[in-house]
Structure formats: structure tokens, C-alpha cells
Amino acid sequence: MSIDAQVRHTEGESLESYLNFWSAADKGRGSVAAVIAALAEAGAAIAAVIASGPLLGAMGAEIGQANADGDKQRKLDILADEAVVSALRRTSTAYYASEEEEAIVTLNADGDLAVAVDPLDGSSNIEANISVGTIFSVFPASPAGATASFFRPGEEQSAGGYIVYGPHTSFLFTLGEGVAYFVLDPATRTFRLISHGLKIAPSTREYAINASNYRHWLEPIRTFIDDCVEGSEGPRGKDFNMRWVASLVAETHRIFMRGGVFLYPADQRAGYEQGRLRLLYEANPIAFLVEQAGGAATDGAERVLGKSAASLHQRTPLVFGSAEKVARIASYYNDSTFNRSRPPLFGERGLFRS
Ligand code: F6P
Ligand code: MN
């Protein structure tokens, strides 16, 4: 976070004022600020639809087709995608990549940004009235064109963030100077600053993983979770707590609010060799936010932001949150005793794991 930002930003400040202040510092910043404002506008519209729930019809209803990665599209997925596209059309976004679109869409050919979006993350939770969200990543558009604009290391992002539609609507984003945390005021439909320079607790006793996949996991993940489950009687000597919302954006927000570690690892199921989550519009922006908050994000072993996508809907294993836990998991991956799929003496590892 810059010293200016520390001094200038005050609780309750409007998003508009925050962005005006930021973009005034540099001529090149205006288009990124406009994208953040456009996404906020789309998010406020999506939040209003979600708040009405079934009164507007069955928003969680499957509409019979699957998106490019095989997920069933729901009515709200499409509606959210349309809200985001129409807001971004009014910005200088050259290229748009979406979970809901097969290929990159050119919006304004002479624009200077490329925006990747998961318009409605966690959509299987819609009808259960559980938090869902919008996740986005912004790159500078490359003179080499649409593909080159996205297929590059995540550390080149200009901005990243998410909106979570929960009991209230939260908007967290980073412009590379720390994490800003806004909440939607339902009375005025404007976002107001809660805090700037959010930090993730470095250590935690809470983890999030879909434990029903236990039998498919590789040994580093099994060992980490086994150790947590053994609690005070195991090698870690302390008790842990587990959460799984099945809505990435909601898990991320919980980790921002009170620490924790999230894991969606690669596993042995066909099609899960690279986990479940997508690099461009899920892992990249979350990794950017998390690092800006002092946390860490890896694919288990390697930093997410060092990876380059080679295809639009490419998956990546994802581990992120409190830095100490993410480092511990990476140390399990890098431990040669785990490099076999099912070591015969695995059950005895408790004797020598630290
Ligand atoms: O977008 C993918 C997603 O819905 C995430 O929000 C969530 O973390 C994950 O999939 C849940 O996956 P699963 O149903 O395999 O637990
Ligand atoms: Mn998603």
C-alpha cells in the first residue's frame, strides 16, 4: 500500500472517490479505474437480482447446456455474464474472457485492457441461498492480440478482485497497492470503503477442502489433512476446524476476514489432473489479492502468479491463504518421500513427520 493511500482513504468513502483519487496520480490508470467502476455497477445489478431470489423465477435452473469446462450453465450464470459484458462495453476493454464464453470476445478493438471474469462463481449454491460471487482479473491488452493478452504470467495483472453476494455484498479488489474492501450500501446502491490494506492472518487452524475426494488425493494432501484431522493427538499437536462452502468466492472472503487455508488440489480422478479451478478467472485474481494481503497462493508447490495459461479455460490446482500453511503444504509436495502415489509405508509416516 502506498503512503498516499494510507493517508488519504477513509472509512465510508465512496468507490467513485477512491478511484478518482487513485487514477488522478497517473494518466494510464483511468481505464483500469473505469473497469473497476463498471464491474461494481454490474455487481450491484447482479446483487439486486440475487436478493429477490425465487421471486424472479428459478435463477438456479439449469438451462440445458454446459459451459466450455463442462459445468452446467444456470439462468443466473447467463444473466451475470450479460450484465458484466454490457458494463465492460462502456470501458476500454479490448478483450473479454469469461467462464461462460467458449472463446475470447473482442469488445472494443482499440481498447487497452483484457478482462477475464467468472461472472457467477459457486452457481450450484444459488437455490440454497448460499453466497455466490463474481471474480475478475485485468491485464493490459497486448499489442500481439487477444491470446497474448491473457496467456502470460499472472503477476502481470493490473487489477484483480471479487464481489461476494452474501448477507451483504462485499467487493474486494487490488490495483497492486494492497487490498481495498468495499461493501454495497443497499439504500444508495453505491459501494463504500470499509478498509484499505487488508491483511490475511499468517497462521491459522482452519482449512477448507472437499473431503469427499479423500480417496482420490495424492500423498502430500492426504498427509496434510491427516495431520489436521488427528488434531491435538497427532503430529501437529493442536486441533483444527474445517469448512467447505463449495463457493470459491465465499471461502476466499472467509479467509480474508479470519484467516485459513483453501485447497482444491489435483487428484487422481480423470479430468482432475489439474484440479477443478480455472487459472485465468479464478486462481489468478485470487492469488493476486492474497499476495497483496501478505498471504500466499500456489498450485500446491509453485506460486500461481508465476504460471502462464496456455488455454482459455485451463485449470490449475489451487492452495491459498495464510502464508505459513501454504508454505507447509508446499514443503510436503517438495518432500521426496511423497513422490510416490501410494507409498507402502505411508501409514507409518507419523513416526517421522514433523
Ligand atoms: O467454480 C467452481 C466451483 O464452484 C468453486 O466455486 C468451488 O470452490 C468448487 O467449484 C466446488 O467444487 P466441488 O463441487 O468439486 O466441491
Ligand atoms: Mn467459479
Side-chain angles (χ1 to χ4, degrees), residues 1 6 11 121-122 125 130-133 135 160-174 177-183 193-211 220-221 223-232 234-265 275 277 282-305 317-333 354:
M1 173 175 42
Q6 269 174 331
E11 198 182 325
D121 175 63
N125 279 323
I130 292 171
S131 300
V132 291
I135 316 175
Y162 67 79
I163 302 172
V164 56
Y165 312 108
H168 55 264
T169 297
S170 304
F171 184 14
L172 266 73
F173 63 86
T174 180
E177 296 180 354
V179 175
Y181 169 26
F182 283 81
V183 165
L193 186 71
I194 302 299
S195 64
H196 183 97
L198 221 54
K199 293 287 171 211
I200 292 178
S203 192
T204 178
R205 292 188 182 198
E206 199 159 84
Y207 63 93
I209 193 165
N210 183 342
I221 295 298
T223 305
F224 176 76
I225 300 299
D226 284 347
D227 289 357
C228 293
V229 169
E230 283 175 41
S232 53
R236 305 294 300 284
K238 56 188 178 192
D239 291 330
F240 289 82
N241 189 27
M242 196 201 85
R243 290 285 181 267
W244 187 250
V245 185
S247 175
L248 171 65
V249 85
E251 321 264 15
T252 308
H253 197 60
R254 185 188 61 246
I255 289 171
F256 267 98
M257 294 299 112
R258 64 171 192 228
V261 64
F262 171 98
L263 305 93
Y264 209 123
L277 301 170
E282 293 180 318
N284 261 349
I286 284 173
F288 191 17
L289 280 169
V290 164
E291 285 200 3
Q292 287 286 316
T298 69
D299 62 3
E302 304 297 328
R303 185 174 171 243
V304 168
L305 293 182
L318 181 59
V319 172
F320 71 87
S322 297
E324 282 176 20
K325 287 294 170 295
V326 176
R328 174 176 285 272
I329 294 162
S331 76
Y332 286 20
Y333 270 94
S354 59

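Nothing here was measured: the structure is a model prediction, and the numbers come from that model.
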Which distance, rounded to the nearest 0.5 Å, do you find between the OH of Tyr264 and the CD1 of Ile221? 12.0 Å

Who pairs with Ala283 by side chain to side chain contact (heavy atoms under 4.5 Å, CB included), at least two apart in sequence or on another chain? Leu279, Val304, Thr316, Leu318

Can any side-chain N or O of Ser195 pair as donor or acceptor with the backbone N or O of Tyr181 at less than 3.5 Å? no

Under 3.5 Å, side chain of Asn125 to main-chain N/O of Val245, donor-acceptor pair present? yes

Are any side-chain N or O atoms of Asp227 and backbone N or O atoms of Pro235, one a donor and one an acceptor, separated by less than 3.5 Å? no

Under the side chain to side chain contact (heavy atoms under 4.5 Å, CB included) test, which residues partner Thr298, sequence neighbours left out? Val319, Val326

side-chain hydrogen bond (donor to acceptor under 3.5 Å, both in side chains) filter on Glu324, not counting sequence neighbours, yields Ser203

Under the rule for ring-ring contact (aromatic ring centres under 6.0 Å, His included), what residues qualify as partners of Phe182, not counting sequence neighbours? Tyr18, Phe173

Taking every heavy atom of Lys238 against every heavy atom of Lys325, the minimum-distance pair comes out as NZ-NZ, 4.5 Å

Give every residue pair that meets the salt bridge (Lys or Arg N to Asp or Glu O under 4.0 Å) criterion with at least one member in residues 285-299, sequence neighbours excluded. Glu291-Arg303, Asp299-Lys307

Measure from the ring center of Tyr207 to the ring center of Trp244 and say whether it is less than 6.0 Å. no

Quick one: which of Ile200, Ile255, Ile329 gives a side chain to side chain contact (heavy atoms under 4.5 Å, CB included) with Val261? Ile329

Residue list, side-chain hydrogen bond (donor to acceptor under 3.5 Å, both in side chains) with Arg258, at least two apart or on another chain: Glu206

